[in-house]
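Taking it in order: structure first as structure tokens, then the write-up.
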Protein chains: 2
Amino acid sequence: MCMNNKLNSYSEDQRRVLNAWVKLNRATESVGQSDRVIMNEHGLTISQFGAMETLYHKGPMCQKELGDKLLRSGGNMTTVVDNLERGGYINRLRDENDRRFFKIQLTQKGIKKIEEVFPKILANLTNRFSVLTKQEQLSLSGLCKRLGLGIK
Amino acid sequence: MCMNNKLNSYSEDQRRVLNAWVKLNRATESVGQSDRVIMNEHGLTISQFGAMETLYHKGPMCQKELGDKLLRSGGNMTTVVDNLERGGYINRLRDENDRRFFKIQLTQKGIKKIEEVFPKILANLTNRFSVLTKQEQLSLSGLCKRLGLGIK
DNA sequence: TACACATAGTTTAACATTAAACTATTACAC
DNA sequence: GTGTAATAGTTTAATGTTAAACTATGTGTA
């Protein structure tokens with residue numbers, strides 16, 4: 001039926017990997033985009049929410065560490081932290097022991113915002129993941145952890 | 001030990017969902033970023049590769065359809081297709097039956113490029129997914145498909 | 001001390017991405 | 001037929017994102 005039979009030219013192993021990658025990507029984007037709509041309704045971007053959520057749950061840290069946790073480049077962290085600072089959600093505190101570092105910490109306004117938005121994101125995630133059983137959620141976690149870290 | 005015990009304030013159900021979401025995101029980003037390095041070495045961005053790969057495997061289509069498949073906005077497709085057209089990788093063909101549409105199709109240069117780069121991406125994916133058994137890859141596909149589409 | 005090297009952060013150019021407002025074209029109801 | 005709604009695509013403003021070159025600061029060694 002299909003005019004394009006190029007996918008048939010790949011081995012079974014290759015098709016299985018391609019299919020897994022496409023499904024993984026689509027699931028991540030689909031859930032992520034439903035989160036984004038909620039964040040936007042509260043005036044935050046995905047990156048801003050991600051940075052604020054990390055600072056909220058893991059405490060103050062420097063930009064480099066934040067970028068490492070969020071898998072983002074240093075230049076990108078400068079941009080995102082600039083915009084959060086302009087919005088009054090975070091402060092940059094120069095580390096006087098080692099002046100290369102800033103300690104990034106949430107302001108009261110930032111704490112209030114993340115405490116307002118995070119429960120709504122959590123509710124959305126709980127809803128999205130409710131199509132999987134508890135065991136399936138644990139299974140997905142385990143598979144993704146190994147895939148992300150390269151652990152057999 | 002940890003100064004921030006906020007995560008302990010969530011229910012077991014909530015922590016399981018949060019953990020699954022973090023792991024899913026990290027795995028997708030980790031694999032995606034390894035793909036990106038390869039694409040960049042060949043002068044393509046992730047979006048450009050994604051559009052060309054879709055056109056290659058599914059045949060010519062209009063921008064809207066391409067955007068639907070890639071989960072991207074219409075405005076974004078204009079940008080990406082503009083840049084691909086400027087690079088000589090695709091052509092816009094006006095549909096004379098319904099002049100609202102363009103048919104986007106790969107040029108010979110585009111076909112040559114995707115046939116050069118796609119095998120390297122496929123090799124990288126095969127390598128990254130090799131930490132999972134065949135059964136685990138199939139299991140991951142199934143879980144992600146249901147999560148992405150909201151199917152119990 | 002001086003100099004090489006490493007690390008944190010910034011800047012720039014190029015491209016990606018969205019929402020929203022917009023144009024052009026087609027479909028449909030009356 | 002005419003007007004209204006729907007659809008494909010474009011534009012704009014704002015933000016995100018990277019790589020690469022850069023500044024500032026600290027480390028370590030000769």
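In the text below, chain A, chain B and the rest are named by the order of the sequence lines, each starting its count at 1.
Only one option out of B:Gln63, B:Lys64, B:Glu65 pairs with B:Met77 in a side-chain contact (heavy atoms from CB on, under 4.5 Å); it is B:Gln63.
A straight line from CZ of B:Phe49 to C1' of C:dC15 spans 18 Å, rounded to a whole angstrom. A straight line from CZ of B:Arg92 to P of D:dG9 spans 9 Å, rounded to a whole angstrom. In this structure, CG of A:Leu93 is placed 16 Å from C1' of C:dG9, rounded to the nearest angstrom. Atom C1' of nucleotide C:dT17 and atom CG of A:Asn40 are separated by 11 Å, given to the nearest angstrom. Atom CD of B:Glu41 and atom C1' of D:dA19 are 13 Å apart (whole Å). If you take NZ of A:Lys64 and P of C:dA6, they are 14 Å apart, rounded to a whole angstrom. Rounded to an integer number of Å, the gap from A:Arg36 CZ to D:dT17 P is 12 Å. As a whole-Å value, the separation of A:Met61 CE from C:dA8 C1' is 15 Å.
Using a 4.0 Å cut-off on heavy atoms, the residues of residues 68-90 of chain B that approach DNA chain D are B:Gly74, B:Gly75, B:Thr78, listed by number. Only B:Arg100, B:Phe101, B:Phe102, listed by number, bring a heavy atom of residues 95-125 of chain B to less than 4.0 angstrom from any atom of DNA chain D.
Distances shown here put every side-chain N or O of A:Gln33 at or beyond 4.0 Å from the OP1 or OP2 atom of C:dT17.
The closest side-chain donor-acceptor pair between B:Arg16 and A:Ser141, if any, does not fall under 3.5 angstrom.
Closest to the side chain of B:Thr45, out of C:dT10, D:dG9, C:dC15, is C:dC15.
Between A:His57 and A:Phe118, the distance separating the two ring centers is shorter than 6.0 angstrom.
Residue A:Glu12 places its CD atom among 12 or fewer non-hydrogen atoms of other residues, nucleotides or ligands, all under 6.0 Å distant.
In terms of modelled atom types and a separation under 3.5 Å, the side chain of A:Ser30 and the main chain of A:Ala27 share no donor-acceptor contact. The main-chain N or O of B:Gly87 is found under 3.5 Å from a side-chain atom of B:Lys109 such that the two form a donor-acceptor pair.
In this structure, B:Lys145 has no side chain to side chain donor-acceptor pair (under 3.5 Å) partners at least two apart in sequence or on a different chain.
Side-chain contact between B:Leu132 and A:Leu143 is present, with heavy atoms from C-beta onward closer than 4.5 Å. B:Leu140 is listed as a side-chain neighbour of B:Phe129, based on a closest heavy-atom distance under 4.5 Å.
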